Amino acid sequence: MKLVPQSPDNQSIDFLNELNPAQKQAAMQVSGPVLIIAGAGSGKTKTLTYRIAYMLSQGIQPSSILALTFTNKAAEEMKSRIAQLVGDAKAKHIWAGTFHSIFARILRIEAEKIGYTSSFSIYDTDDSLSIIRQIMKDAGISAQQFTPQSVKSRISNAKNMMISWQEYQASAQDIHEKQTGLIFKEYERKLRINNAMDFDDILLNIIRLLTLSPDIKAQYQQRFSHVMVDEYQDTNRAQYIAVNILAGGHRNICVVGDDAQSIYRWRGADIRNILDFQKDYSEAVTVKLEQNYRSTQIILAAADSVISRNKHQLQKTLWTQNPEGDLIKVMETRDDREEAEKIMRMIQHELSNQGITEKDIAILYRTNAQSLSLEDALRSSKIGYTIIGGVSFYKRKEVKDTVAYLRLLCNPDDSESLMRIINEPSRGIGPTTLRKLNEFANLQSISLFSTFEQAATIPDLQKRAVQSSMDFTGMIHRFKDLKTSLNPHELAVEYIEATGLLRMYKDEDTEESLDRWNNIQRLLSNIAEELDKDPAMTLEDYLQLIALMSDVDESDMGRERIAMMTMHAAKGLEFPIVFIAGLEQGLFPMGRAEHDPEEQEEERRLFYVGITRAESRLYLSYAQRRYRFGELSFSAPSMFLKEIAPHTLEYVDSSIATAKRQSDYGMMQPPKPKAQKPTPFFDDLSGIDDSFSQIEPERTELRPGMKVIHGQFGAGTIQSLSGEGEKRQATVIFQGIGRKQLLLKYAKLQIDNS
């Protein structure tokens with residue numbers, strides 16, 4: 001069977017013949033439940049694209065296909081490729097997008113059925129934190145004792161597990177959980193009053209909608225006769241339930257993913273969703289995509305030797321017809337500064353090769369804090385770089401203010417947006433007036449905007465404040481009435497001009513203020529650009545688009561710059577040359593993985609993701625000592641280095657013989673640091689044990705990896721050493737007890753020579 005792709009040369013191709021046998025099987029299996037296990041670099045996107053094209057060729061209507069992804073970038077790429085095969089007319093009717101964007105689109109249609117209006121706001125993390133801070137302030141809860149970020153995280157985790165505030169309060173044990181329960185209740189009340197949802201609510205409310213009545217559930221099951229889910233290993237509990245409800249009637253569900261790349265446990269992803277798919281759908285057809293098209297044989301062998309250590313996985317064997325490639329280079333360094341210098345020199349060497357440019361290179365690390373020394377080295381060498389996942393355009397203050405104005409125009413009940421911009425620029429509505437208006441709103445259980453409209457009836461408000469409130473609400477109503485006569489771009493331009501925001505920055509006439517003015521203009525231009533792509537777009541559609549934008553979606557990957565990012569941010573990307581820095585025990589894997597098998601497997605999957613980002617060449621580096629949390633800490637090389645097949649590695653620029661390094665990672669002698677005054681670093685420990693007899697302050701023979709015996713805790717292994725003199729410390733893992741941090745001045749450790 002042949003399709004005529006809408007390509008420039010308009011030549012007919014048999015698209016199924018472009019797939020390998022496993023990909024072809026996956027593309028043609030369009031009925032019933034299907035599990036596609038897609039190994040790294042195995043052509044997953046191509047397979048999904050051709051699968052949808054094949055479905056359309058079989059007469060399945062594009063509007064009945066629901067394809068859920070985790071980034072807008074992935075959805076757009078999928079739709080673009082489909083359009084090349086079957087034409088724009090069909091491709092544009094496919095429901096392809098992120099979980100949040102697709103579900104928000106449905107909720108806009110059905111909002112009234114669950115107690116919202118169709119113009120509800122979507123709050124991002126900053127908006128939610130702002131509400132939580134205010135709730136804590138009003139309740140007299142100390143932000144030092146309980147940080148708003150930790151409260152937000154607990155509330156989000158509860159929502160991901162579909163736990164209501166009532167259930168959370170009922171099960172609260174410690175003071176932190178009890179205080180969070182109180183904040184959770186008020187937070188939900190504020191969202192309702194504001195006609196707003198946070199990201200977690202979008203998932204919860206789609207489930208509410210689908211379970212509201214059998215008729216609604218049947219309606220959407222019939223509308224989406226074929227459901228596809230990309231990156232299924234990253235789904236959380238709420239996403240799992242929503243997807244299975246939608247597929248519950250016809251069971252035409254296809255999930256695609258790689259359990260070896262499940263790296264988001266910390267934000268609610270449940271690897272059991274993909275591991276147990278065949279239990280949920282006993283009749284499921286399983287297809288394994290095992291041919292890798294990205295990496296060399298050496299890189300693939302290294303990745304496979306690492307991930308094979310995980311016990312909980314779906315078995316697969318990746319292979320490739322690519323060249324064998326270069327050995328993976330491992331660099332041992334004294335500290336993080338030398339590590340950065342060596343990486344910089346290797347980059348300069350790579351850039352001297354014909355055809356290699358900055359955009360071909362990526363530097364990956366476990367934590368954001370590692371980027372400082374790397375950035376310094378690159379800057380000193382005038383090598384351009386981009387931080388992926390850094391402060392994005394949409395997070396800048398003036399941009400968020402402009403977006404808040406636009407959200408308020410669409411949804412006047414959005415009190416959070418109103419509070420953000422009411423005095424940007426100043427309108428003479430001071431803190432005392434705002435406090436009285438907020439008190440009235442809380443007393444009447446109405447939105448702040450409604451209170452502004454009733455300002456004349458509120459006692460003790462100054463006439464100027466009343467007039468400013470009325471002028472402000474009048475402006476909003478005036479432009480709200482223009483929504484039907486102006487397109488979104490025209491409306492936004494005239495409205496933002498009227499707010500005085502642009503004039504405020506123009507009048508300041510500083511370099512910073514003019515830069516902010518330009519950023520606002522850039523945002524307004526972006527509305528016009530999006531309108532050109534979709535003439536039917538509303539202002540609400542645009543606000544939803546940018547509210548659900550991810551860091552990867554916002555990143556400018558096309559510039560000639562080296563990409564720097566955490567391993568988590570690298571997922572889904574690929575580069576000819578990759579550096580992975582900081583392969584040290586306690587950093588990668590993180591210290592908490594030492595005695596938690598699930599955490600250790602997650603960290604190993606993260607390392608696997610890092611390795612498989614590389615196409616041609618891979619560099620690994622580690623430092624003997626590194627500043628962490630203000631402390632110069634000695635470390636042993638990562639356990640993951642010992643798990644890599646030795647024949648794939650080449651040690652470069654190392655003071656220790658290659659054969660020695662391949663056979664024994666943990667016995668190196670750390671160099672004595674220069675005199676310093678480090679601050680204690682406890683790595684999640686409650687304190688330092690100092691209850692034992694004194695020994696000499698310096699024990700230069702001690703080193704990471706050494707077996708020791710303690711008078712009370714028994715046999716153990718030194719994980720790391722830090723400090724000097726009387727502050728010399730050892731982190732020791734004791735059998736049956738776990739990690740202890742000991743002052744050598746008192747610990748009286750004995751070397752175990754048995």
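On a predicted model such as this, the values are computed, not experimentally measured, just so you know.
Side-chain N/O atoms of Glu350 and Tyr619 include a donor and acceptor closer than 3.5 Å. In this structure, a donor-acceptor pair under 3.5 Å is present between the side chains of Tyr293 and Asn20. Judged by distance alone, the side chains of Thr286 and Gln278 do bring a donor and an acceptor atom under 3.5 Å apart. Residues Thr538 and Asp541 have side chains that bring a donor and an acceptor to within less than 3.5 angstrom of each other. Gln221 and Gln219 share no side-chain donor-acceptor pair at under 3.5 Å. Judged by distance alone, the side chains of Asn526 and Tyr542 do bring a donor and an acceptor atom under 3.5 Å apart. Side-chain contact annotation: Glu18 with Tyr50, donor-acceptor N/O pair under 3.5 Å present. Under 3.5 Å, the side chains of Asn310 and Tyr608 contain no donor-acceptor pair of N or O atoms. Side-chain atoms of Arg522 and Asn519 form no donor-acceptor pair, as typed in the model, at a separation below 3.5 Å.
The aromatic rings of Tyr264 and His568 sit tilted, their planes meeting at an angle between 30° and 60°. Ring planes of Tyr240 and Tyr232: tilted class, angle from 30 to 60°.
Here the closest heavy-atom approach between residue Ser295 and residue Thr612 is recorded as OG-O, 4.1 Å. In terms of heavy atoms, Leu68 sits closest to Thr98 at CD2-O, 4.3 Å. Taking every heavy atom of both residues into account, Glu358 and Leu351 meet most closely at N-CD2, 3.7 Å. Between Ala614 and Val578, the closest heavy-atom pair is CA-CG2, 3.6 Å.
Electrostatic pairing of Arg605 and Glu602 counts as a salt bridge here, judged by a charged N lying under 4.0 Å from a carboxylate O. Ion pairing between a basic and an acidic side chain is recognised when a charged N comes within 4.0 Å of a carboxylate O; Glu540 and Lys483 show such pairing. Taking 4.0 Å as the cut-off between side-chain N and carboxylate O, Glu574 and Arg294 count as a salt-bridged pair. With respect to Asp360 and Arg617, no salt bridge is recorded, no charged nitrogen being found less than 4.0 Å from a carboxylate O. Remark: Lys533 does not engage Glu529 in a salt bridge, criterion side-chain N to carboxylate O under 4.0 Å. Salt bridge status for Lys571 with Asp234: present, with a side-chain N to carboxylate O gap under 4.0 Å.
Between atom CD of residue Glu494 and atom NE2 of residue His489 there is a gap of 10.5 Å, rounded to the nearest 0.5 Å. To the nearest 0.5 Å, the span separating NE2 on His312 from OG on Ser262 amounts to 12.5 Å. With rounding to the nearest 0.5 angstrom, the CE atom of Met567 is 9.5 Å from the CD1 atom of Ile611.
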Evaluation steps, side chain to side chain contact (heavy atoms under 4.5 Å, CB included), between Arg613 and Ile580: CA-CA 10 Å; Arg613 298 313 93 195; Ile580 299 180; over 6 Å; no
Candidate pair Glu110 and Arg208, rule salt bridge (Lys or Arg N to Asp or Glu O under 4.0 Å), full reasoning: CA-CA 11 Å; Glu110 309 289 353; Arg208 283 183 58 211; over 6 Å; no
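The main-chain N or O of Asn322 is found under 3.5 Å from a side-chain atom of Gln297 such that the two form a donor-acceptor pair. Counting only distance, with no hydrogens or angles, the side chain of Asn292 and the backbone of Ala40 share a donor-acceptor pair below 3.5 Å.
The aromatic ring centres of Phe277 and Tyr281 sit less than 6.0 Å apart.
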